[in-house]
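Here you go, one structure.
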Amino acid sequence: MAERRLGLYTIPPHRAFADTLAIGLIRRFGRDRMGLARGVVLVPNHRAGRAITDAFVRASEGGLLLPRIVAIGDPDLDEAVGPLFDPADAEPVPPAVPPLKRRMILARLLIEARGDSIEPAEAVRLAGELGRTLDQMQVEEVAASALRDLELTAELSDHWQSALSTFEVVLDRWPGELARLGMIDMVERRRMLLDRTAVSWRDRPPEGFVCVAGVTNSSPPIARLLRVVAEMPRGLVVLPGLATDMDEAQWASLGPHAPDPVTGARIRSIETHPQYHLKLLLDRMGVNRTEVAAWRVASELDATPARGKAIASAMAPAAFTHLWTTLPAGQRRFDGVRALEVATPAEEAQSIALALREVLELPGRTAALVTPDRNLARRVAAHCARWGVAVDDSAGQKLSTLPPGTLLLAIADAIGQRFAPMALLTLLKHPLVAAGEGRLAWLEGARALDLALRGPRPGPGLAGIDAHLREGDKRTAGVRETAAAWWVEARARLEGIAALSVPPSCEGGLSSLIATLREAATILCGEAVWARADGRAAAQLLADLEIEAADGPRQVAPGDLLPLLRTLFEEVSVRPPQGGHPRLAIYGLVEAQLQTADLMVLGGLNEGVWPALPAPDPWLAPRIRSELGLPSLERRIGLSAHDFSMALGAPEVLLTRARRDSSSPTIASRFWLRMEALSAGLEAPAGLAEWARALDRPEVYAPALRPAPNPPVEKRPRKISVTEVDRLKADPYAFYARRMLGLMPLDPVDADPTPAWRGTAVHAVLQAWSQEDQCRPDALKPRALAMLGDTRTHPVLRALWQPRLIEAIDWIAGELARQRDEGRAVIDVEQAGKLQIAGVTLNGKYDRIDRMPDGTLGIVDYKTGTPPSNKAVTAGYSLQLGLIGLIAERGGFERVDGVARTFEYWSLGRYAGKFGFIRSPVEGRGEKIAPEDFIATAQAHFADAVGRWLTGDEPFIAKLEPEFAPYAEYDQLMRRDEWYGRE
């Protein structure tokens, strides 16, 4: 009797895998009503199982009892299949250690191995990488002893030697941890179940058929099981896209290669090729490629056979691409495949959305976007929503980007930063906080607090916010009162997490932090935060983490919570519930396996996206991985190439890429370049890019004209300060916006100390020194140090500015003492005055006025930076000292009388190698104004400006003198970039 042929089949890329498989299984086993129901179909993942289920429904044309469809990658394989993988009479398999418990234990072992050189959050991140490396060793059945047998330490850099030694320490201790728990690794448990099943099926095959469909995992346990299934009387192994027509020389070049008998060296395998992992799977199954037959079934969603030949040609190994020129035209043509190259990701997303929308105009047609770029997927879904079309992204979204995740991260950030303004406001304004009827009032209070916290950072903790609201800038007193009234309610909700500013000192600190975090989220948002799929995913992760934290790092500070949670949240994908459009879909690469549609859009075809850059292994150097027989880091590229090849088999395919991303130009994917080179250029979709650009293009571009508002004369201000005169003359529009529209510039939240803020701080010190200490030289420095030591002083100011400030302060004290000895005396400091002149009220405040030895007045202005230049003064700007002198001479300041002849800027800046110098606008080199003419000149320029814009009717033109209008607070309001330089 002839030996039975192995049940090995392949479905080529140009055929729709799921539909072709379903039709073929119905033809083989559907004649008996229970024939299909008694069978089992093993698929790579749950999404592939759903695709095959849908294919059965399409092919059934009525009622049908489906076979059991099982994901072979299910971590609870025995529970999913029952006695099929775990017979009742078999020895029980130990339970698998939960992934999060394993990660926490590995993180603790890393900290214990490295000591204090690693933070808990970083240990958790590295534990995830370490766990993946351990899994790869177990999948490839590489014993831990093989690592110790390697003699490569001398060839490794210090970094890799340190990583390897830490890895070995953890590897030694990990079995003991598993024994303590009475558990085994999940990979090991799956191996035991698969091997047990293989042995059981070899001896007693199931009564129904067993079909392994779409599985390309080449691990030894999978290969052994597939070999057994292929040998079973009713066993079928159906591989996706195996290149049975590939030239034997090309096939052999893929590897793996035997070592050289003399040198022991191996030729490097081409692991980036889409057929490599299939060849490795066949090698491990112990079968030849010629033993694999074609699955001779067709479906309505197939492409032409010529497409399959063209795909195979495009994916030829690099050493054989020179043969492309000898191929017949039929093997180089991609009929039905179009390529769209646009300028930006925004255009790409818009074009894809239009292509999907066009499909809906034809009844019954389907379309799907396949891309590893989740940002592109979200953009496409948002564009489709413009037309009321909801498209679900089956790859899901990371928990860290969804509302419950961002809320928990915001709470952790506020804890870690001790309620710094930016972190606090981010939390208080979160859309889930105080949601419901009281949301509007809550936002009004949060916005008032936002205004009150503008500027440099207040003191730490809730107490720092309390103090700031009580003692902040007098100019914001009204806003602070409003914010303080609302802050009482907000503060009460934050009390529970305020105590976490002190790191926990006992074991179980992370569990305590997680419990407090969960309670804080509930207090701030109510139970709604845990509703919906994303809320349930967040609640489950926190519950698991609270339980497993006892096995993790012993000491976790509040500052570690944010990076730790972000690492874990980034790895949790929340998939949307069903409810999107039934004929459109968005898939990631894993979700797209075995899927098909009338139109497949393959988006994001740039290097680094598809294929993605190989993720580095921080534990094992590439040379060590090679010696151990582990997959190279580039194997993922080969798997991506196979996904790409299979997706090319749809009836119509649209390839898309953008020539640049958000930061730099991009390089086209190697897959794109291969297809372009083979076909001498792919056809572009007619009009699609133009439609995408036209969708949001305005009919007319109308840049704004230079603004020049001209309010009635009687509505114009009749009061002006000496510091506003330059703004009025150089940029009248900025003066109009500030004084007439009341639009005051806002400091950033948690701002670095600006020059104006530094100047205010220094003026306060000098004022207190003069008024309370009578300018005693020994009292100035202690006051400056007290200001720098205040908890409200910005740390940047304290750390970077203190040395120069103290040197400049010492200079001021010494200079005043020297001038006092020469007969110069301080009359007063920091006093305001006013003067009626030219039909308006001129307000001013001097920093200091001195009585000079000759009886005249000396006007002094302190500067923390560079004083105005004489060029600006002679041009009619920076005349503040002259206007102060004018008010003083006219009796506008109490206790001040006389004629002003001395005008000085005392700068704390650097000059001639030292901090602190005096400069006068009426002295020095170049063109200057005589001291006796300075006040008259200032008065003349002031009267001219007032007569033109305040008592006159000239329009407030934007940027009238740009050279003397350096500030940009109102540039956006005046739409400067639209008109500046056009006139």
Side-chain angles (χ1 to χ4, degrees), residues 343-347 379 382 421-422 425-426 428-429 431 443-444 446-457 473 475-476 478-479 483 660-664 693 696-711 715-717 720-721 723-760 794 796 865 868 872 877-878 945 948-950 954-983:
T344 65
E347 285 188 40
R379 279 183 162 182
M422 188 64 74
L425 292 171
T426 299
L428 295 177
K429 294 182 180 181
L443 283 180
E444 291 293 337
R447 289 163 185 157
L449 183 65
D450 183 320
L451 293 174
L453 293 179
R454 295 279 167 163
R457 178 182 297 191
D473 194 332
R475 294 172 297 179
T476 61
V479 172
R660 65 170 296 115
D661 57 19
S662 59
S663 60
S664 61
R693 286 190 290 268
D696 294 315
R697 182 189 300 142
E699 293 184 3
V700 178
Y701 287 97
L705 300 177
R706 188 178 199 170
N710 195 356
K715 299 292 185 181
R716 302 190 182 203
I720 186 173
S721 71
T723 56
E724 293 177 313
V725 177
D726 281 359
R727 188 189 302 270
L728 175 63
K729 293 176 61 179
D731 191 355
Y733 181 85
F735 178 88
Y736 165 82
R738 187 184 186 99
R739 289 296 307 277
M740 297 199 68
L741 300 183
L743 300 176
M744 303 297 291
L746 293 176
D747 289 332
V749 175
D750 210 356
D752 291 336
T754 62
W757 192 92
R758 292 198 301 266
T760 301
H794 198 283
V796 173
Y877 297 90
S878 301
R948 293 172 64 184
W949 288 290
L950 299 187
E954 282 202 22
F956 292 92
I957 300 174
K959 295 292 183 184
L960 187 61
E961 297 290 342
E963 180 181 359
F964 301 106
Y967 299 108
E969 297 103 324
Y970 300 98
D971 282 8
Q972 186 175 10
L973 181 65
M974 66 178 68
R975 297 168 70 171
R976 173 186 178 276
D977 291 346
E978 296 185 38
W979 54 263
Y980 188 74
R982 295 176 181 269
E983 299 180 353

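Everything quoted here is computed from the prediction, not taken from an experiment. Nothing fancy with the numbering, it's 1 onward along the sequence.
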Review point. What closest approach, in Å, do P707 and P709 show between heavy atoms, and which atom pair accounts for it?
Key: C-CD, 3.7 Å

Check your understanding: Got a second to check how far E969's CD is from L746's CG, nearest 0.5 Å?
Key ->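 Taking CD in E969 and CG in L746, the distance rounds to 11.0 Å.
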
Review point. Counting distance only, does the side-chain N/O of E978 pair as donor-acceptor with the main-chain N or O of A704 below 3.5 Å?
Key: yes

Check your understanding: Rounded to the nearest 0.5 Å, what separation is found between the CZ atom of F956 and the CZ atom of F735?
Key -> 6.0 Å

Revision key, fill the gap. Heavy atoms of L728 and P732 approach each other most closely as O-CG, 3.2 Å

Review point. Is a side-chain N or O of W979 found less than 3.5 angstrom from the main chain of M974, in a donor-acceptor match?
Key: yes

Point to revise | Between CZ on residue R739 and CG on residue L950, distance to nearest 0.5 Å | key: 8.0 Å

Point to revise | R975 side chain reached by P703 side chain, heavy atoms, under 4.5 Å | key: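 With C-beta onward as the side chain, the pair stays apart.
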
Review point. Does the side chain to side chain contact (heavy atoms under 4.5 Å, CB included) test come out yes or no for L960 and W949, once each step is laid out?
Key: CA-CA 12 Å; L960 187 61; W949 288 290; 3.5 Å; yes

Check your understanding: If you measure from CZ on R727 to CD1 on I720, what distance do you get to the nearest 0.5 Å?
Key -> 10.5 Å

Review point. Do Y877 side-chain atoms and P868 backbone N/O form a donor-acceptor pair below 3.5 Å?
Key: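 No; zero donor-acceptor contacts below 3.5 Å.
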
Point to revise | Which atom of L425 lies closest to which atom of A446, heavy atoms considered | key: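 Of all heavy-atom pairs spanning L425 and A446, the closest is CD2-O, 4.0 Å.
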
**Study point:** Sidechain-backbone polar pair: D750 side chain, P421 backbone, donor-acceptor under 3.5 Å
**Key:** no

Point to revise | Exam field: side chain R454 to backbone D747, donor-acceptor pair closer than 3.5 Å | key: yes

Check your understanding: Under 3.5 Å, is there a donor-acceptor pair between the side chain of R706 and the main chain of I957?
Key ->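 No.
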
**Study point:** Any donor-acceptor pair under 3.5 Å from E347 side chain to T344 backbone
**Key:** no

Exercise for review: First locate atom CG of L449, then atom NZ of K429, and finally report the distance between them rounded to the nearest 0.5 Å.
Suggested key: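 If we round to the nearest 0.5 Å, L449:CG and K429:NZ are 8.5 Å apart.
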
Check your understanding: What pair of heavy atoms forms the shortest contact from A483 to A452, and how long is it?
Key ->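 For A483 versus A452, the nearest heavy atoms are CB-CB, 4.0 Å.
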
**Study point:** Intermediate values then yes/no, side chain to side chain contact (heavy atoms under 4.5 Å, CB included), R716 and N710
**Key:** CA-CA 10 Å; R716 302 190 182 203; N710 195 356; 2.4 Å; yes

Study note, to complete from the structure: Residues at least two apart in sequence or cross-chain that pass salt bridge (Lys or Arg N to Asp or Glu O under 4.0 Å) with R976, listed by chain then number, are D971

Check your understanding: Does NZ or CZ of K729 lie under 6.0 Å from the centre of the six-membered ring of F964, at an angle within 45° of the ring axis?
Key ->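 Not flagged: K729 not positioned over aromatic ring of F964.
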
Check your understanding: Within a strict 4.5 Å, meaning less than it, do heavy atoms of the Y967 and P745 side chains meet?
Key ->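 Side chain of Y967 against side chain of P745, heavy atoms only: no contact under 4.5 Å found.
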
